[in-house]
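In what follows, every heavy atom counts, from backbone to side chain, and hydrogens, waters and symmetry copies are set aside. Every chain is numbered from 1 and lettered A, B, ... according to where its sequence line falls, protein lines coming before strand lines.
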Amino acid sequence: MTAPSPSPSPAIVSVTSVSMHFGGFRALDDVSIDLQRGEIHAIIGPNGAGKSTLLNVISGLLRPTRGDVHYGDQRITHVPPHRRARLGIARSFQITSIFTGFTVHQNVQLALLAQRGDCRHPFRLTGERYRDEAHELLARVQIAGMGARMGGELAAGDRKRLEFAIALAGDPQVLLLDEPTAGMSGAEREIVVGIIRSLSAERQISVLFTEHDIDMVFDNAHRITVMHQGRRLVQGTPAAVRSDPRVRDVYLGEGDDAHV
Amino acid sequence: MTAQPLPPLQPAAGSAALSMRTKTVIVGGLIIGLYLLPFVLGESYLFLSIDFLIMALFAVSYNLLLGQAGMLSFGHAAYYGLGAYTVAILFNKLAVPVYIGLLASPFIAGAIALAVGWFAVRVTGMYFAMLTLAFGQLLHTVVMGWYGFTGGDDGLPVMPPDWLLPARNYYLFVLTVTLVSLAALRLITLSAFGTALNAIRENRQRAIFVGLGVRNYELGAFVIAGAFAGIAGAMRAPLQQMAFPSLLHWSQSAEPVLMALAGGIYTFAGPIVGAAIFVFTNFVITTYSEYPLLVFGVIVLLVVLYLPGGVAGAVIAAWERLRRRAR
Ligand SMILES: Nc1ncnc2c1ncn2[C@@H]1O[C@H](COP(=O)(O)OP(=O)(O)O)[C@@H](O)[C@H]1O
Ligand SMILES: [Mg+2]
């Protein structure tokens, strides 16, 4: 049930020859990757392969030692992360990042206020602004009933869904999701996967995500990039990646019994 | 990441606890009471009340940083002192009356806060605390040493006009300026800007990735807090009929920190309650002890240990419990 591949279009994000060094350690070593408009693109690879680091470079959390990141025609290598967020690059974190002292509703409301530029105004009252839109976003990830609860009270899977709703708040063009379904129940996964697929199909939003659940990746990604020790090992359609012997080596070599 | 020296608390707890109508009644009653006060209180208590109002504004301005944005500034007195000197210098050099000088004070204090904050918000946590402390002491040293302009350690005399000299009149003037300032600060804390500051305190990284340029917001908070501290200081100089360099000193900076902690940093009213406790203990203690700030420090220590939400937080929590039991 692999989703049909979108017709080739100009890349919305392109990473060119990026290296990321921490001291002498190369977390990314000359990695290039492009993300097409409307594409669902998975990054897989063993722990420590550099998947999160790559998302951090694209979102601006890290500035690469070498190489460039483009967003459409714009070179964003040195654009600070909050501007990238306003440009339409939203993200989630491997360790879920929400406002634990805000209610669930306030979490999404703040994201809407920030994305729409309201926060610059010291006399524009927050009040019930964007209540309906916040509610819609929560309904989308099916946690609308929890709006009044504190973010910090939520179970792990609900937190992930809240973070997903926060990421959706500004109508992003690009979603960078770091293990979006980790720790979720089967039903929760279905919800997240369903949203990702519909965003891609109906609104041409591009999704770049990392994931350990190999079945989920092969069922839903249009393209897959396999990373290993900071390098891009293989890139291609699920079918091509599945049959690549190097991929098998990496996974078996790591003692990982994933069914590639 | 910002250092987290304070107990985590739900920021919404205070405001959600009381209904809008209850709050309106309480605040309205207090305001009316405060305007009637000079007609029942004797002069010495009136001076004490003026002291309280000024300290309340000083503490609330500070809490925009500590409680709302999670920024631990140790140099807030610098802007308080600059407000006092704005009034004093305008009066001495240009014969500008103090109530006009007061209008200038938030702009001067805010402008200097902008210059200091521009550097200070580049770091967070303890480093931010140390930078604000260092800049505060720098400003203190400048005021102390620039005899020709500031009068150095002799201070600068300030003479209010005749109509502001009677305690009752000055009290009513200070009350009005303080209430208008507190109303403005209240709007700011409830604004989208204020919500953004809460978000930065809660989770700086998440705030960045929803699109907030956190440094600019921190700088904005620093300037606003400095400007309102300037207004508080501008009301202090005519009260003492003097502007002293000690108003900028780091030991003066400890006062808003302690007042905010005593009253509670996660409610708007907290620092006002803290200011009341502070002014009252000072008044009682000064007769017995040479070190009133030390005594107040111990009180704050006990409050922080046993009432982590501060006195205002504890009162609201108790009210909540009572109401729930009544149902
Ligand atoms: N900020 C950092 N400082 C030092 N090393 C880091 C940092 N971030 C990641 N690394 C290292 O880079 C490598 C890749 O990490 P990461 O991108 O998180 O891997 P993955 O997400 O694929 O599991 C790991 O060895 C990790 O320890
Ligand atoms: Mg990772």
Side-chain angles (χ1 to χ4, degrees), chain A residues 55-56 59-61 80-93 95-103 105-127 129-130 148-153 162-163 165-170 172 176 178, chain B residues 1-2 4 6-16 20 64 67-70 110 122 183-225 227-228 265-266 309:
Chain A
L55 293 191
N56 290 343
S59 67
L61 185 62
H82 71 274
R83 292 240 179 81
R84 299 190 201 192
R86 289 293 298 277
L87 287 172
I89 303 176
R91 72 163 295 169
S92 71
F93 290 85
I95 298 166
T96 316
S97 181
I98 58 168
F99 302 108
T100 52
F102 282 22
T103 66
H105 176 85
Q106 285 169 338
N107 267 272
V108 179
Q109 183 189 33
L110 182 272
L112 288 165
L113 290 167
Q115 283 287 342
R116 310 232 165 127
D118 292 300
C119 292
R120 279 194 296 268
H121 301 277
F123 292 108
R124 184 174 292 178
L125 292 183
T126 296
R129 204 175 288 266
Y130 306 135
R149 289 177 55 190
M150 302 302 284
E153 293 172 9
L162 173 56
E163 194 188 28
I166 291 172
L168 294 177
L176 308 171
D178 204 347
Chain B
M1 286 286 115
T2 312
Q4 291 276 298
L6 303 159
L9 247 176
Q10 303 170 353
S15 35
M20 198 63 207
L64 188 68
Q68 191 127 16
R122 270 145 222 283
L185 278 163
R186 184 58 179 148
L187 284 181
I188 293 168
T189 62
L190 294 175
S191 71
F193 173 77
T195 307
L197 296 182
N198 278 330
I200 292 167
R201 183 200 67 215
E202 275 285 314
N203 185 339
R204 189 183 182 81
Q205 178 174 272
R206 194 16 101 195
I208 292 171
F209 284 94
V210 296
L212 297 173
V214 297
R215 276 185 192 165
N216 291 339
Y217 285 89
E218 289 173 328
L219 181 56
F222 197 73
V223 170
I224 293 170
F228 282 98
I265 65 170
Y266 294 123

Residue selection (most heavy-atom pairs with chain B, distance under 4.5 Å) from A:Asn107, A:Ile89, A:Leu112, A:Leu110: A:Leu110
Working to the nearest 0.5 Å, report the span between CD1 of A:Ile166 and CZ of B:Phe209. 13.5 Å
With rounding to the nearest 0.5 angstrom, report the CZ to CG distance, B:Phe193 to A:Leu113. 13.5 Å
Using a 3.5 Å distance criterion without hydrogens, assess whether the side chain of B:Asn203 forms a donor-acceptor pair with backbone atoms of A:Phe99. no
If you count the non-hydrogen atoms of other residues, nucleotides and ligands that lie under 6.0 Å from CZ in A:Arg83, is the total more than 12? no
Spacing of CZ belonging to A:Arg124 relative to CD1 belonging to B:Ile188, to within rounding of 0.5 Å: 14.5 Å
Can you tell which of A:Leu87, A:Thr100, A:Ile98, A:Leu125 has the highest number of heavy-atom pairs within less than 4.5 Å of chain B? A:Leu125
From B:Asn198 atom CG to A:Gln106 atom CD, the distance as rounded to the nearest 0.5 Å: 8.5 Å
Whether the side chain of B:Arg206 engages the backbone of A:Ser97 through a donor-acceptor N/O pair (distance < 3.5 Å, no angle test) should be reported. yes
What part of A:Pro122 is in contact with chain B, defined as an atom under 4.5 angstrom from a non-hydrogen atom: side chain, backbone, both or neither? both
Specify the closest pair of heavy atoms between B:Glu202 and A:Phe102, including all atoms of both residues, with the distance to one decimal. CG-CE1, 3.6 Å
With a 4.5 Å cut-off on heavy-atom pairs, point out which of A:Ala169, A:Ser59, A:Gly152 contacts chain B the most. A:Ser59
When you compare the side chain of B:Ile208 with that of A:His82, does any pair of heavy atoms fall below 4.5 Å? yes
To check you understand the geometry: which heavy-atom pair defines the closest contact between B:Ala184 and A:Phe123, and what is its length? O-CE2, 3.7 Å
With a 4.5 Å limit on heavy-atom distance, are the side chains of A:Thr126 and B:Leu190 in contact? no
What residue in B:Val210, B:Ile224, B:Leu187, B:Leu197 has the most heavy-atom pairs under 4.5 Å with chain A? B:Val210
Pair B:Asn216-A:Arg120, side-chain contact (heavy atoms from CB on, under 4.5 Å): steps then yes or no: CA-CA 9 Å; B:Asn216 291 339; A:Arg120 279 194 296 268; over 6 Å; no
Where A:Cys119 and B:Ala192 come nearest, the two heavy atoms and their spacing: SG-O, 3.7 Å
